[in-house]
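The analysis underlying the following values was restricted to heavy atoms, covering all of them including side chains, and did not include hydrogens, waters or symmetry mates. Every chain is numbered from 1 and lettered A, B, ... according to where its sequence line falls, protein lines coming before strand lines.
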There are 2 protein chains.
Amino acid sequence: MNKLYSLYECIQEKGYKLTEKRKIILQVLVDNKDYLLEPSEIFEKVLKVDKNINFSTIYRNLEIFLNAGIAKKVSLENGKSSYQIIFEKEHVHSMICKICGRVEVINTCPFEKIDNEIFEKKGFLPESHKFEIYGFCKECLLEKNF
Amino acid sequence: MNKLYSLYECIQEKGYKLTEKRKIILQVLVDNKDYLLEPSEIFEKVLKVDKNINFSTIYRNLEIFLNAGIAKKVSLENGKSSYQIIFEKEHVHSMICKICGRVEVINTCPFEKIDNEIFEKKGFLPESHKFEIYGFCKECLLEKNF
DNA sequence: GTTCGTGCAAATCGTTTGCAGGAAT
DNA sequence: ATTCCTGCAAACGATTTGCACGAAC
């Protein structure tokens, strides 16, 4: 039932060891489960818990979390990468706040509504897709008085 | 009527000068209008026309083309950026070939089909969105025998 | 003539890697 | 005991910047 525990399991199932650093980074991701975080943001938050952590450990473990299927990586409009923990493996799309990185889930998938005829006509074989809405979340709207 | 000429106009309207280098880079983008090109690819193609061009000139001008609204930048899944010329300012979505970077246009917009209720409920103000389908184009499928 | 654009080299930013010691299994 | 993980420092690739000269207006 414990979310953290099932994440630990995913890591160990893949043959990765369950280290202290790994637990701390995971905890930070879980604490910010509704936000997309850049590696530097993750690093800073982890630093507050463990002063003796290296940036390369962050990168190496983010990569491992991706492999274990417990995190996702998003290439944002500005060209930077951000990461977010994923609990349910289901396929979802997002509304992303351009100010704070908060992510809200959209429960419909536009891809399912597309007429397959367009792929047949072009001879294109679709493999994956991306649907993201960028804007401003309620909290940031109130704060910034837009 | 000439496409190149109207691109020149866009550049000059913004107060940028119409230089030889700028024309060459534009020509390369126009010649590859159906493809997303990485800066390094653009650089190589420009080199064939003008041996005396610097990489920084490519970057500086791509930025200017973005400002002038005649090119678009796409942050791909691998974290790299690619560029493409845009003729019509209309809003379109794309199918992108993961092998050759070929871009085919999708003429429906999934955003329009979304129920606005979800934004009202979350208090989210949408500003822009992205819908991209990644896969393999006909040519690459034939060539690689997938 | 003034402003802007360019090549060059160096700087910067985000990310990755080799290695040697330390921790998890 | 073995394998994996980590900090450190260095390397790396993509992109940006300061400068002095040259080109467009």
Side-chain angles (χ1 to χ4, degrees), chain A residues 5 7-28 36-47 49-68 70-83 101, chain B residues 5 7-28 36-47 49-68 70-83 101:
Chain A
Y5 183 71
L7 293 175
Y8 290 172
E9 274 187 329
C10 290
I11 286 178
Q12 293 185 306
E13 275 168 14
K14 289 271 179 177
Y16 299 121
K17 290 177 179 170
L18 196 53
T19 67
E20 270 316 300
K21 310 284 176 178
R22 221 153 259 177
K23 288 182 186 172
I24 295 171
I25 299 172
L26 262 185
Q27 183 65 57
V28 162
L36 277 172
L37 298 181
E38 295 178 14
S40 62
E41 294 174 303
I42 297 169
F43 180 54
E44 280 165 29
K45 289 175 194 294
V46 170
L47 261 186
V49 182
D50 179 353
K51 287 188 301 299
N52 191 32
I53 188 139
N54 195 272
F55 221 139
S56 57
T57 303
I58 303 288
Y59 277 107
R60 283 193 269 233
N61 281 311
L62 287 173
E63 198 60 34
I64 280 169
F65 296 163
L66 292 183
N67 274 325
I70 60 176
K72 71 170 178 175
K73 177 181 181 178
V74 177
S75 294
L76 290 176
E77 290 180 322
N78 58 13
K80 288 186 180 176
S81 295
S82 293
Y83 296 80
Chain B
Y5 183 71
L7 293 176
Y8 291 171
E9 274 187 329
C10 291
I11 285 178
Q12 293 184 306
E13 275 169 13
K14 289 271 178 176
Y16 300 119
K17 289 175 179 171
L18 197 53
T19 68
E20 271 315 301
K21 311 285 176 177
R22 221 154 258 177
K23 288 182 187 173
I24 296 172
I25 300 172
L26 262 184
Q27 183 65 58
V28 163
L36 277 172
L37 298 180
E38 295 178 12
S40 60
E41 295 175 303
I42 297 169
F43 180 54
E44 280 166 29
K45 289 174 194 295
V46 171
L47 262 186
V49 183
D50 179 353
K51 286 188 302 299
N52 192 31
I53 188 137
N54 195 272
F55 220 139
S56 58
T57 303
I58 303 289
Y59 278 107
R60 283 193 267 233
N61 281 311
L62 287 173
E63 197 61 33
I64 279 169
F65 296 164
L66 292 183
N67 274 325
I70 59 175
K72 70 171 178 176
K73 177 181 181 179
V74 177
S75 294
L76 290 175
E77 290 180 322
N78 58 14
K80 287 186 179 175
S81 295
S82 293
Y83 297 80

By ring-ring contact (aromatic ring centres under 6.0 Å, His included), B/Tyr59 pairs with (sequence neighbours left out) B/Phe55

From B/Ile53 CD1 over to B/Glu44 CD, what is the distance, rounded to the nearest 0.5 angstrom? 13.5 Å

Quick one: B/Lys23 NZ to C/dT6 C1', roughly how many Å, whole number? 16 Å

When rounded to whole Å, the CD1 to C1' distance for the pair A/Ile25 and D/dT6 reads 10 Å

A/Ile11 side, atom CD1; A/Asn67 side, atom CG - distance, nearest 0.5 Å: 11.0 Å

Residue whose closest nucleotide on DNA chain D lies nearer the 5' end, B/Ser40 versus A/Glu20: A/Glu20

By nearest-heavy-atom nucleotide on DNA chain C, the more 5' of A/Pro39 and A/Thr19 is A/Pro39

About how many Å separate CG of A/Asn54 and CZ of A/Phe43, when rounded to the nearest 0.5 Å? 6.5 Å

Please confirm whether the shortest side-chain N or O distance from A/Arg22 to OP1 or OP2 of C/dA24 is below 4.0 Å. no

side-chain N/O B/Lys80 vs D/dT15 OP1/OP2, d < 4.0 Å: no

Interface with DNA chain C, restricted to residues 11-18 of chain B and to heavy atoms under 4.0 Å: B/Tyr16, B/Lys17

With a 4.0 Å cut-off on N to O distance, would you call B/Arg60 and B/Glu63 a salt bridge? no

Atom CZ of A/Phe43 to atom C1' of C/dC13: distance rounded to whole Å? 15 Å

What integer distance in Å separates A/Ile24:CD1 from C/dA24:P? 11 Å

Using whole Å, what does the distance between atom C1' of nucleotide D/dC5 and atom CG of A/Asn67 come to? 15 Å

Pairwise 5' ranking along DNA chain D for A/Ile64 and B/Glu63, keeping only the more 5' one: A/Ile64

Given B/Glu20, which partner from the list B/Lys17, B/Arg22, B/Lys23 fulfils the salt bridge (charged side-chain N to carboxylate O under 4.0 Å, His left out) test? B/Lys23

Rounded to the nearest 0.5 Å, how far does CG of B/Asp50 lie from CD of B/Gln27? 13.5 Å

Spacing of A/Lys21 atom NZ relative to D/dC4 atom P, expressed in whole Å: 20 Å

Measure the spacing between OG of A/Ser82 and CD1 of A/Ile42 and express it to the nearest 0.5 Å. 8.0 Å

When rounded to whole Å, the CD1 to C1' distance for the pair B/Ile42 and D/dT15 reads 13 Å

Contacts to DNA chain C from residues 50-60 of chain B, heavy-atom cutoff under 4.0 Å, which residues? B/Asn52, B/Ile53, B/Asn54, B/Ser56, B/Thr57, B/Arg60

Rounded to the nearest 0.5 Å, what separates atom CG in A/Asn61 from atom CD1 in A/Ile24? 10.5 Å

